[in-house]
Amino acid sequence: MSERELSTDVDEDRALHFPPGFLWGAATSPTQVEGKTCNEWRSFVARDGSTCDGTSTHWTQWQRDFALLSELGLGAYRMGLDWARLQPAPLAALDTEVLAQYRTMIEALTHDGIEPIITLFHFASPTWLSEAGGWEHPQSIEYFADFVRRVSDARLPVRYWITFNEPGVYMTMAYLIGLFPPHRRFSFLQAGRVLEHQGLAHKLARRILRDGNPEAQVGFTKHFKRFLPYRPWHPLDEINVRIIRTFFDDRVLAAFMEDGGRAGCDFLGVNYYGRMRVKGFGDVSPVSGAPAALFEQFGTSCDDMWEQDPHWFPTLLQRLGKTYCVPMIITESGFATSDDGLRQRLLDEHLLALHHAIDAGCDVRGFIYWSLFDNFEWAEGVSKRFGLAAVDFSAPDMPRSIRSSGYHYGAIARANAIHPR
Ligand code: BGC
């Protein structure tokens, strides 16, 4: 792929079309956008002092947010069901009001021709599960299966389900680095158990959802990062890159896929956010959330979270396609930056790379940008701006305004095409 400038003014002669029916969407997750949080993140205070409870209003103002999707002309919305909100106690019936609201939301999407893609676990457990030992405890599998069974019985008009979002990130952040609840550090044994339990829970959940609806497409999402040695000549950096790849990629995929990897999901959700360099043991650069200016040493494009690597995107997709033989959906890709021009450029570069991969035979069915609007970026808080729409967090009703990169993305989605200028 060349670094040529891109534009979306549709010039049919040079337009690079995506396959017919390609899903164009945007994503959010319950804890990051809903507000009125009732899960284990409720009292968490991020580095910038913000909290998920006080900085989001999607639960009460979802209609306003869904209007953004229509204004942008997007055909898919990835959202989640908050387990804690829906199921107030282990094995209990689902809260009828909450279920009714989720149903109304999902029906509003389908009514507008927007495909709902629903995540069931996105980094947030109910507090009752944490108190009962969390995902370390084998009973978590039964609890989750019970939740999924009840959701399946509710017959929501959903075709695409994501059981777990980024189990490798969850295991790392919650049990090795300790930035996410339950804030364990270097707990390698527990981390392994959590992964094993979530992998089993995923397989069970898939069976439940498919028994409930044979048409259901059930997958999970995996965060893929390109890990590189910080000092290519240093054996320690290279060794650690291999260790990280084994834990973060191989073990996660083995736990979630069945039959040696080829089955286990109807689609693989690929979340792609670029690359990281590994120095010695445990030291990675850039550290998530560092200001972009600190990344100048790499001489590549960096947003306020990571070093970007659109050129590796096709390589990754081709490798995954060959290994797993299941369709893929890019369930997340996005950029944290207050420089909207940078967001637009990075978006174009990633979409051009994606087009290249599809052209080379990769079975990718959709692209879901992270995120529809600015939201609570976990340990970093609201100061990291990923949104296609900006949110003014200082105003009581937190108004949204679509950024120019958002309109640009909408134009690509409507045309189902992008082209180099
Ligand atoms: C997660 C999102 C998160 C995004 C940006 C992904 O790892 O699924 O919840 O906000 O990356 O960090």
Side-chain angles (χ1 to χ4, degrees), residues 25-35 37 39-41 44 46-48 50-52 55-56 58 77-83 117-125 162-174 176-177 179-181 198 202 219-227 248-249 252 256 268-276 284 286-292 302-309 313 316 329-338 343 346-347 350 367-389 391 393:
T28 61
S29 89
T31 312
Q32 293 177 272
V33 300
E34 283 184 353
T37 314
N39 62 44
E40 60 181 348
W41 284 84
F44 180 88
R47 277 187 185 137
D48 62 4
S50 59
T51 63
C52 50
T55 46
S56 309
H58 191 58
Y77 182 51
R78 178 180 167 209
M79 58 178 266
L81 305 182
D82 186 41
W83 183 6
I117 302 177
I118 303 296
T119 310
L120 293 164
F121 185 84
H122 199 128
F123 300 161
S125 300
I162 291 167
T163 55
F164 286 84
N165 179 66
E166 301 186 346
V169 171
Y170 178 72
M171 168 185 81
T172 308
M173 298 300 273
L176 301 180
I177 301 179
L179 281 175
F180 289 6
Q198 292 195 339
H202 157 74
F220 68 99
T221 74
K222 164 86 183 72
H223 188 116
F224 290 97
K225 249 217 152 94
R226 185 181 188 189
F227 293 103
F248 196 74
D249 291 338
V252 173
F256 273 69
L268 175 62
V270 175
N271 293 0
Y272 183 59
Y273 287 97
R275 65 190 180 198
M276 263 180 167
V284 290
V287 170
S288 300
C302 298
D303 67 3
D304 287 344
M305 294 288 283
W306 296 291
E307 191 186 350
Q308 298 298 323
D309 195 347
F313 204 12
L316 168 71
I329 296 177
I330 311 306
T331 36
E332 281 184 39
S333 180
F335 317 100
T337 177
S338 44
R343 183 185 338 275
L346 289 171
L347 183 58
H350 281 75
F367 179 89
I368 312 294
Y369 180 82
W370 183 272
S371 178
L372 179 59
F373 50 93
D374 294 338
N375 57 52
F376 182 76
E377 177 51 29
W378 307 112
E380 307 300 330
V382 296
S383 43
K384 301 294 170 203
R385 306 302 184 108
F386 280 92
L388 294 172
V391 175
F393 291 102

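For ligands, and for the atoms within them, numbers begin at 1 and follow the listed sequence.
For Gln32, every heavy-atom contact with ligand 1 shorter than 4.0 Å involves the side chain, none the backbone. Contact annotation for Tyr170 and ligand 1: no heavy atom of the residue comes within less than 4.0 Å of the ligand. Only the side chain of Asn165 comes within 4.0 Å of ligand 1, judged by heavy-atom distances.
In this structure, Phe121 has its ring center closer than 6.0 angstrom to the ring center of Phe164. Remark: aromatic rings of Trp41 and Phe180 are close, center separation under 6.0 Å.
Residues Thr31 and Asn39 have side chains that bring a donor and an acceptor to within less than 3.5 angstrom of each other. Using a 3.5 Å distance cut-off with no hydrogens or angles, the side chains of Thr331 and Asn271 do pair a donor with an acceptor.
Taking atom 7 (O) of ligand 1 as the reference point, the nearest protein heavy-atom neighbour is Glu166 OE1, 2.5 Å. Nearest to atom 11 (O) of ligand 1 among the protein's heavy atoms is Glu332 OE1, 3.2 Å. For atom 12 (O) of ligand 1, the closest heavy atom belonging to the protein is Glu377 OE2, 2.6 Å.
In this pair, Phe248 and Phe227 present their aromatic rings perpendicular. The plane angle is above 60°, beyond the 30 to 60° band. Aromatic ring orientation, His58 versus Phe373: tilted (interplanar angle from 30° to 60°). Under the 30°/60° scheme for interplanar angles, the aromatic rings of Phe367 and Tyr369 are found to be tilted. Ring pair Phe220/His202 is perpendicular by interplanar angle, where above 60° counts as perpendicular and below 30° as parallel.
The distance from ligand 1 to the heavy atoms of His122 drops below 4.0 Å at these ligand atoms: 1 (C), 2 (C), 8 (O), 9 (O). Shown in contact with His223 at under 4.0 Å from a heavy atom are these atoms of ligand 1, numbered in order with element: 7 (O).
Checked against a 3.5 angstrom limit, the closest N/O atoms of Ser29 and ligand 1 fall outside it. The shortest N/O to N/O separation between Trp306 and ligand 1 does not fall below 3.5 Å. Considering backbone and side-chain N/O of Asn271, none are found under 3.5 Å from N/O of ligand 1.
Proximity of Lys384 to ligand 1 is not established, as no heavy-atom distance is less than 4.0 Å.
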